[in-house]
> 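Starting off with a structure, shown below.
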Amino acid sequence: MSSSAIFLLQARDFSPEAYLQAGRVLQRVWIKANMRGISFQPVTAAMFIFHKLAMDKRHGFGEEEERLIQQYKKEFNTLFNKNLDYKEIFMFRLNIAGEPTVRSYRRDLSETLIKLS
């Protein structure tokens with residue numbers, strides 16, 4: 001009953017419209033999860049590395065790193081995108097958990113917001 005579930009938001013392409021639509025979906029899922037007491041945790045590091053390698057010719061990875069990333073991406077596709085029909089946009093984990101034992105410090109909005117007149 002308390003095990004996590006992992007979700008992957010996907011789109012047909014990496015267009016700005018696809019990212020905006022995914023963001024809308026992500027926002028609704030995040031809010032609904034919070035309303036139901038379900039914790040939401042982004043799991044995006046792998047996505048960013050896969051995207052960097054695929055879309056940036058000057059990605060900065062060495063040959064061995066590139067080979068390993070490609071291997072991990074292939075394994076990832078086996079789990080989430082077998083037919084390669086979609087592009088991964090954002091991955092997150094949901095978990096039924098109790099109240100946090102420590103709360104993050106939150107600054108007052110007036111301490112961080114700068115208004116331009």
Side-chain angles (χ1 to χ4, degrees):
M1 291 298 292
S2 67
S3 69
S4 304
I6 195 150
F7 295 84
L8 179 67
L9 287 179
Q10 297 177 309
R12 295 208 182 274
D13 58 25
F14 285 121
S15 69
E17 293 82 12
Y19 271 94
L20 284 173
Q21 184 62 28
R24 287 184 190 113
V25 171
L26 181 63
Q27 182 180 35
R28 288 194 305 263
V29 170
W30 196 322
I31 290 170
K32 191 60 128 176
N34 278 284
M35 289 173 62
R36 294 180 176 246
I38 299 171
S39 66
F40 181 102
Q41 179 183 19
V43 184
T44 55
M47 302 292 96
F48 298 150
I49 291 171
F50 295 156
H51 294 168
K52 178 102 172 135
L53 184 66
M55 293 186 259
D56 187 353
K57 300 288 185 219
R58 296 173 38 180
H59 49 67
F61 297 114
E63 289 180 26
E64 179 63 13
E65 292 167 323
E66 187 172 342
R67 186 190 65 74
L68 285 171
I69 293 167
Q70 289 171 343
Q71 175 186 329
Y72 296 143
K73 178 68 167 95
K74 186 176 179 180
E75 292 172 14
F76 178 88
N77 288 343
T78 301
L79 293 172
F80 290 103
N81 196 11
K82 291 182 183 179
N83 298 326
L84 304 177
D85 294 334
Y86 296 96
K87 307 296 183 197
E88 61 277 347
I89 301 293
F90 195 88
M91 192 161 60
F92 60 95
R93 182 174 82 138
L94 296 179
N95 188 33
I96 298 173
E99 286 294 314
T101 56
V102 177
R103 291 257 181 216
S104 297
Y105 172 74
R106 302 283 190 232
R107 292 183 186 176
D108 186 73
L109 184 61
S110 63
E111 293 179 46
T112 57
L113 180 66
I114 299 171
K115 292 170 84 175
L116 301 177
S117 298

> Closest approach of Met91 and Thr44, non-hydrogen atoms and distance?
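Here Met91 and Thr44 meet closest at O-CG2, 3.8 Å.
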
> Using the rule side chain to side chain donor-acceptor pair (under 3.5 Å), only one of Lys74, Lys73, Glu75 pairs with Asn77; which is it?
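Per the side chain to side chain donor-acceptor pair (under 3.5 Å) rule, the option paired with Asn77 is Lys73, out of Lys74, Lys73, Glu75.
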
> In sequence, state the C-alpha distance, the side-chain angles, and the governing distance for Phe50 and Tyr72, and then conclude on side-chain contact (heavy atoms from CB on, under 4.5 Å).
CA-CA 9 Å; Phe50 295 156; Tyr72 296 143; 4.3 Å; yes

> Can you see whether Gln70 engages Arg67 through a side-chain donor-acceptor pair at a distance of less than 3.5 angstrom?
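The answer is no; no qualifying pair exists.
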
> Could you please spell out the steps behind the side-chain contact (heavy atoms from CB on, under 4.5 Å) verdict for Glu65 and His59?
CA-CA 11 Å; Glu65 292 167 323; His59 49 67; over 6 Å; no

> Please give me the minimum heavy-atom distance between Glu88 and Leu8, naming the atom from each residue.
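Scanning both residues, the minimum pair turns out to be CB-CD1, 3.7 Å.
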
> How close do Trp30 and Pro42 get, heavy atom to heavy atom, and via which atoms?
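Residues Trp30 and Pro42, closest heavy atoms: CH2-CG, 4.2 Å.
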
> As a quick check of understanding, evaluate side-chain hydrogen bond (donor to acceptor under 3.5 Å, both in side chains) for Arg24 and Gln27, giving each step before the final call.
CA-CA 5 Å; Arg24 287 184 190 113; Gln27 182 180 35; over 6 Å; no

> Quick check: are there more than 12 heavy atoms from other residues, nucleotides or ligands sitting under 6.0 Å from CE of Met55?
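Yes - once you tally the heavy atoms of other residues, nucleotides and ligands closer than 6.0 Å, there are more than 12.
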
> Go through Leu68 and Phe61 one step at a time and tell me if the side-chain contact (heavy atoms from CB on, under 4.5 Å) criterion holds.
CA-CA 10 Å; Leu68 285 171; Phe61 297 114; over 6 Å; no

> Run the numbers on Lys32 and Arg28 for side-chain contact (heavy atoms from CB on, under 4.5 Å), then give the verdict.
CA-CA 6 Å; Lys32 191 60 128 176; Arg28 288 194 305 263; over 6 Å; no

> Ignoring hydrogens, what is the shortest heavy-atom contact between Leu9 and Val25? Give both atom names and the distance.
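Taking every non-hydrogen atom into account, CD2-CG1, 3.8 Å.
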
